[in-house]
Amino acid sequence: MIFSFTKKNNLNLYLQYTAIFALIAFFVYGTYFVTGHSLIWHIDGAQQHLPLLEEFRKTLLGIMKHPFSSWPQWSFKLGLGGDIFQINAYYVTGDIFNYLTLLFPVSKIIFAYQFLIMLRLYCVGLIFCYFASHFSFKNSIILSGTVVYLFNAFLLYANIAQPFFSIPFMIFPLLILGIERVLQQKSIWPLTFAFCWMLFSNFYFAYILGFGALLYLILRYLITYRKKIAFIKTFFKLGLSTVISLSVTAILWVPEMLAVFSSTRSNAPFANGLRLYPLYYYLALPSQLINGGNRNFYFWSALGFASISFFAIVFVLIKIKKYPLLGTSFILGLIMLLFPQFGALFNGLTSPSNRWTLMLSLPIAISVCILIKQLHKLTHKTKLTFTYCLAIYSFWIFLTYFFQNDEKLFIPMAFLFISYGFLVYYSAGKKSHANYAFLALVVVNVIFNAIYFEAPYNGGYSNEMLPLKGYEKLVKTRYAGLDKDLKSTNLYRVSTISQNYNLGSGFHMYNAQPNKLNSITSYYSLQNINVGNFARKMQNSQYEANIPISQFSDRTVLNNFLGVRYIFAQINQKNSAKIPANYLPEKASTRLASSSDNQSDSTDKQTVRYKTEQAFPLIYWQNTVIDSKQFKSMTTTAKERALATGVHVSNSIAKHYAKAKTADDTQELEYYIVSSRGNVVSTANLEHLDSTETYKIILKNPANYKNSELHVELSDIKYHQLSLTKQIQIEQNKQATLTSSGIISNSDNYNYYRYLRYHILNGSPDNSFSISGSSSLGTESITQPKQSDLSFYKTVKSGLLNLGYFTSTPKYFTLTPSKLGIYDFKLKIVAEKLGKKYNQEVAKIQKNRLKSLKFSKNKITGTIKTTQKGILTSSIPFSEGWSVYDNGRKLKAIKTNTGFLGTQLKSGSHHIKLIYSTPGLKTGKLITIGGIFLLILSAFSLILIKKLFLHKTKK
């Protein structure tokens, strides 16, 4: 690979690219619009990117109008409240395309969001054209490589689902060009620009691209430049470029880095505990290379290139002596794809996500260019190798088809053989228009891939998009109009009922924005670790690293504690009767009969708004505490119930205050467990070997526990999965029993294959399971995810199932394991009394609230008068960015109730001021200012050195 930095004026290349992009984009994006879909993904697009972009645009306009005012750094719209600067830095601030929204009126922001999706992809291709023009390729060859680079499965998915995922595809080629310039003793500024863009865009992708750039530098130096360059001089220039880039962009990446280290992701298990991937991953991996219509991104190994890429890789490996860098890259890439540890390394030492494969797109696309250029030089031996490799590859796909039955492979395989035919035909002597023939082949290939990927048939990607005008309808009718008469304020929050709130097929309301009401649920990649710790301490069965709270399983005290005044629920949906205590129906939407509803189910639709008078204030004072020893000895239910009686603080603080009394607030119930087979069983080594078997937990003396919320607390959970052979044997035996009286039934061989296929494709045996508890009010589950769930993976050893609030305790409820295997766990049934005593405690908390609360940008003020010393506590998530002032005197902010902001107060009158400043922002600003000075100084120094050198040369 020889990079040439001779200036070229190649306008025709970009004009031709624009025409080809328009053609392919007509099919790529037109498929969505023709089928009535928008380019707004119903998960991240509708719940993260677009709402954040709308608010970001408002922030930009505010900064432009008042450039010297402080930036918004805290928002109560992010679930319980969060750092808006850090969230924006991850999602929108670093994406330079988002600033173009200022060119659109506010009424066109939804159009702008979708337009920018297409513009980003177009710019990806522009930059690849620019990159490839540094080699001796004809325009038609560059365009073939560009189409391969652009329209792969990774980008077909990610450029819509996660729009900023397109940015690293632009930056990586510029990084490589920048490194090459420095290695060839040219200017450092292109590399500095690329580094700055990388660091500014997104900390996560900066980490991946930084690793990739370093790996490229090492390989390039060892293979090509080891004996050609002055080591110290070259690496000084590389170091200077890196230092300037890091310092200039510090204002963004320093706060973002601190947010990552203080987020719920920071304690994820390395590689999700995997040593090797499941068998199905290895079986499917070869087909992933060309399966452009594929949506099963096993561990994010998203490849899906045009079929000619297969022969391009084979060609480079055959000619590895001529193309050592490309060949080595493919060998390393393959090794890294085989072991989950590499995916975890590139994913910040967490889950084994192979998003780093985006960097493979560049060498693969360049290899396609090389293959087409070398077409007339293909020897008989090379073509014979192509034939053998095609036969082996096809045979593997054929064999694995019996397991996958993936009809999406039909088009890639057809184009694989067509590509082979083109190679054989056009390599036999010089034929005119060969380059254009391959360009046409690649264009048609990716068009078919894209249509198959997107069309709303056979699980196509369009099914995951909101319908046209769907986002506008979602914003307008999120709560069925029941939010219109409610005041927009930070003084209270709202929620829904778990697994209940249905806004359309497959739509989960992880975030409730944009909306004037503050919901307790939030779904972002960077969640405050203190909120996560609170959720885990309270054994929230809905906890996810990206969604730590959700609806907190509809637990009464926790909803009260978090200030939930209103709950929205839908009738005829899951858990519609599982309403927390003292939340009374206040208002209902118009009831829609099933015949007038366009959704697939046949039940009536209606949303009901429930209200309570027992929501805790946002900030309040308590004079009794719970120390760590006392807290640790409690059941989870007792810890929750104690929120109304005292504040949990560290031992060093707790020793100065009276301890809270909580002994009579919760009671453990006696019970025994009966299998649906009629056997009394124990939760110690519970052998669950029949998928139809359930377990009744029968309560003793249920009449003694009226007006209580029932919790099932599980701890020390161990699940021992059955071997694959054992699972298949059990299922075969069951099938034989079911069909023993039939004349015609499936053969044993077929049943064996059917069960074997099912388990291999599902990664069996694996450690995933769920345990569900069901009552007359609803169902709740504790779930151990599969290790393939990546960001949502967690290790589950305990949990709490809320069965609901009962005025009269039921005699029994049902416990159901999800999978065959042996379960071993401890189980407690705890009744949480929510009667007169609780009501009095809540009334006392409400009386001791911080009064005259006022909210302004990054600041909260209020007053309170106390007759004795105590703890000012809150449901505001704790962060190192909070500063607390009492009558103008700074106090130490403390962590209360595991994860929330508080401070100690003496007796007397207090004027409280809480001020928030993003951690690391001031430091980042100072480093950036220093970086700008370093940039200017370096530029002048390099110019001066260059002039002196030229002057000496002339002499």
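None of these values were measured; they are calculated from a predicted model. Nothing fancy with the numbering, it's 1 onward along the sequence. Computation of the quantities below employed the complete heavy-atom set of this structure, encompassing side-chain atoms and omitting hydrogens, waters and symmetry-equivalent molecules.
The nearest pair of heavy atoms linking Tyr14 to Ser133 is OH-OG, 4.3 Å. Annotation for Tyr281 and Tyr298: closest pair CE1-O, 3.6 Å, computed over non-hydrogen atoms. Minimum heavy-atom separation, Phe151 to Leu121: CE2-CD2, 3.8 Å. Minimum heavy-atom separation, Ala344 to Thr350: CB-O, 3.3 Å. Nearest heavy-atom pair across Ser245 and Phe195 is OG-CB, 3.0 Å. The minimum heavy-atom distance linking Tyr277 with Leu338 is given by the pair CD1-O, 3.6 Å.
A donor-acceptor contact shorter than 3.5 Å is absent between the side chain of Thr357 and the backbone of Leu360. Listed for the Thr400 side chain is a donor-acceptor partner under 3.5 Å among the backbone atoms of Ile397. Between the side chain of Thr385 and the backbone N or O of Lys381, at least one donor-acceptor pair lies under 3.5 Å. Judged by distance alone, the side chain of Tyr393 and the main-chain N or O of Pro286 form a donor-acceptor pair under 3.5 Å. Put simply, the side chain of Ser361 gets close to the backbone of Leu358: a donor and an acceptor are under 3.5 Å apart.
By the 30° and 60° cut-offs, the orientation of the rings of Phe128 relative to Phe131 is tilted. The aromatic rings of Phe448 and Phe415 sit tilted, their planes meeting at an angle between 30° and 60°.
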Handout entry: Derivation of the side chain to side chain donor-acceptor pair (under 3.5 Å) call for Ser166 and Asn159
Key = CA-CA 5 Å; Ser166 301; Asn159 97 97; 4.8 Å; no
Practice task
Apply ring-ring contact (aromatic ring centres under 6.0 Å, His included) to the pair Tyr157 and Phe165, showing each step before the final yes or no.
Solution key: CA-CA 10 Å; Tyr157 165 78; Phe165 277 33; 7.8 Å; no
Handout entry: Residues Tyr207, Trp253; criterion ring-ring contact (aromatic ring centres under 6.0 Å, His included); working and verdict
Key = CA-CA 11 Å; Tyr207 175 84; Trp253 69 259; over 10 Å; no
Exercise for the section: Please test Ser307 against Tyr420 for side chain to side chain donor-acceptor pair (under 3.5 Å), starting from the C-alpha separation and ending with a verdict. Expected result: CA-CA 9 Å; Ser307 297; Tyr420 174 75; over 6 Å; no
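One distance of note links CZ of Phe97 with SG of Cys123; it measures 4.0 Å at 0.5 Å rounding. Between the CE atom of Met170 and the CD1 atom of Ile96 there is a distance of 7.0 Å, given to the nearest 0.5 Å. The CZ atom of Phe386 lies 10.5 Å from the CG atom of Leu390; values are rounded to the nearest 0.5 Å. To the nearest 0.5 Å, the span separating CD1 on Ile244 from OG1 on Thr249 amounts to 11.5 Å.
Residue Phe154 forms a ring pair (Phe, Tyr, Trp, His ring centres under 6.0 Å) with just one option from Trp356, Phe297, Tyr149, Trp300, and that option is Trp300.
In this view, Tyr204 and Asn347, Arg355 satisfy the side chain to side chain donor-acceptor pair (under 3.5 Å) rule, not counting sequence neighbours.
Outside the 6.0 Å centre-distance limit, the rings of Phe422 and Phe311 are not counted as a close aromatic pair.
Defined by atom type and a distance below 3.5 Å, a donor-acceptor pair is present between the side-chain atoms of Lys373 and Ser136.
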